[in-house]
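The structure appears below as structure tokens.
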Amino acid sequence: MGFELAGFTLSPPQRGRWAALVLFLLPLSLSVHATKPEPYGEHFVLAGEQWSDAKVGVADEPTVQARVPAGDEKVFLSYLYDLEGEGGPYSDALAEPLNDLGRHHRQKGDLASARKAYQRALHVVRVNDGLYSERQVPILQELFDLYRVSGDMDTLDARYDYFFRLYGSGEPPFNRVRLGAALEYIRWQREAIRLRLSDSKTRRVLALYTLNRDILEAVEADADVEPDLYRELVLSQLRNFYLIQRLFETKEELQQTGPTIRMNAAWGEPEDVNQHRMEVIQRRSLRRGRELLQQLIASTPAEDTQSVASAYLELGDWNQWNDQTEEALAAYVEAERLLREADSDALLQEWLGEPQELPANGAFWQPIPRVPGEQPVVVVANFDVLAKGRAENIETTPATAEEEREASKVRRYLRNTRFRPRIVDGEARSTAQLARRYEVLD
């Protein structure tokens with residue numbers, strides 16, 4: 001007896017083939033409509049949390065120390081006049097106090113005067129040390145922060161391009177300052193993409209990914225590069241993969257017809273080809289991210305237990321973000337084992353003792369300039385984190401209508417956030433009624 005489907009009668013063998021086809025297509029359908037993970041750090045963060053995000057070789061804080069009393073502008077100016085009288089307008093001794101003066105103006109809110117002081121300090125350094133002086137780095141960072149605070153992102157973007165070219169454009173010889181500048185430039189590119197500073201998101205992301213890949217390959221072939229710089233380049237590319245997964249969809253129909261149609265795009269339509277390339281990179285990102293971290297683990301000396309454990313932690317987070325919970329648990333358990341054997345109890349508690357929002361490496365970190373005295377709305381949330389790394393039973397207690405709007409966002413974000421679960425004795429454990437304070441960024 002046959003089975004009727006849309007006017008057709010199917011024999012038992014045909015029904016079997018149809019059933020197999022449905023079972024094959026069902027996972028594809030579910031994967032297309034599955035909820036993408038929330039990019040922790042992009043829309044909300046723990047109150048007071050910040051990331052430096054791989055500023056290797058580039059000082060996190062200005063290295064110039066104040067040599068004049070703070071808060072008295074007349075003292076600053078008198079000191080500068082004395083130095084100019086002794087050594088002339090380009091005296092090397094002017095660089096540090098000019099930097100101090102810039103910081104002084106910035107603290108007062110006089111951003112125009114601060115910029116002039118920083119630019120003059122930069123000029124003094126170049127006159128005395130040359131165009132490629134490493135002493136420019138902390139002054140350039142002060143200028144970058146100034147452009148950010150003033151909202152002049154286009155100028156900041158252009159200055160980062162200059163900064164990158166100034167320190168080697170990612171080319172050898174690879175010393176700490178040159179690679180540190182490349183890492184900071186790549187970090188800025190991730191931020192610029194999220195700020196939508198480019199007409200072509202696809203082209204900029206592709207350039208970012210390719211630049212990090214090329215530098216990483218060159219560094220792998222250079223035995224003189226310090227291991228921590230190689231590590232930071234690996235983690236930088238991993239952050240790029242997080243961003244790529246967030247920004248690009250894998251369209252099932254393109255997997256069958258895409259390569260033939262899209263790679264034959266007309267000469268005047270490179271964007272179509274770039275889009276296809278990004279789709280291919282996105283599809284391969286899970287595997288490639290794993291491979292990079294596995295190579296990092298293999299290349300790290302076994303006696304450097306903390307670095308090896310940290311790499312396993314990153315591997316676990318990457319799998320957890322991609323809903324590969326079994327693979328994630330295996331990596332977390334290995335990190336736990338290494339830390340226990342090294343008697344690193346404090347680190348074990350910090351990394352695996354409580355749930356952690358993912359990604360935990362600053363991949364989506366976004367600094368938010370605030371007006372002095374401005375206080376963000378903070379939402380207190382209570383929720384459970386299951387052993388599989390998902391939040392449930394989310395509750396907030398807003399007191400005002402404004403807080404309720406922010407609380408609603410936090411509840412929505414938390415529902416889609418992936419968590420690194422608490423790991424105890426080789427097992428992922430649920431955590432009940434976790435209380436956290438979040439700041440909403442948008």
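No option in Tyr162, Trp188, Tyr185, Tyr160 other than Tyr160 meets the ring-ring contact (aromatic ring centres under 6.0 Å, His included) test with Phe144.
Remark: the Asn322 side chain and the Gln245 side chain contain an N/O donor-acceptor pair separated by less than 3.5 Å. In the model, Tyr332 has no side-chain atom that pairs as donor or acceptor with a side-chain atom of Glu327 under 3.5 Å. Checking Arg126 against Gln136 by side-chain atom types alone, a donor-acceptor pair falls below 3.5 Å. With 3.5 Å as the limit, one finds a donor-acceptor pair spanning the side chains of Gln275 and Thr202.
Residue Leu208 comes nearest to Ile186 through the heavy atom pair CD1-CG2, 3.3 Å, listed as atom of the first residue, atom of the second, then distance. Closest approach of Glu406 to Val440, counting heavy atoms only: OE1-CB, 3.1 Å.
Using a 4.0 Å cut-off between charged nitrogen and carboxylate oxygen, Glu226 and Arg231 do not count as a salt-bridge pair.
At distances below 3.5 Å, at least one donor-acceptor pair connects side-chain atoms of Ser150 with backbone N or O atoms of Tyr147.
For Tyr312, there are no side chain to side chain donor-acceptor pair (under 3.5 Å) partners at least two apart in sequence or on another chain.
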List the atom pairs, with distances to 0.1 Å, where a side-chain N or O of residues 215-223 and a protein N or O form a donor-acceptor pair under 3.5 Å, not counting sequence neighbours.
from: Asp222; atom 1: OD1; to: Asp224; atom 2: N; distance (Å): 3.0

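Because its NZ or CZ atom is both nearer than 6.0 Å to the ring centre of Phe248 and within 45° of the ring axis, Lys201 counts as a cation-pi partner of that residue.
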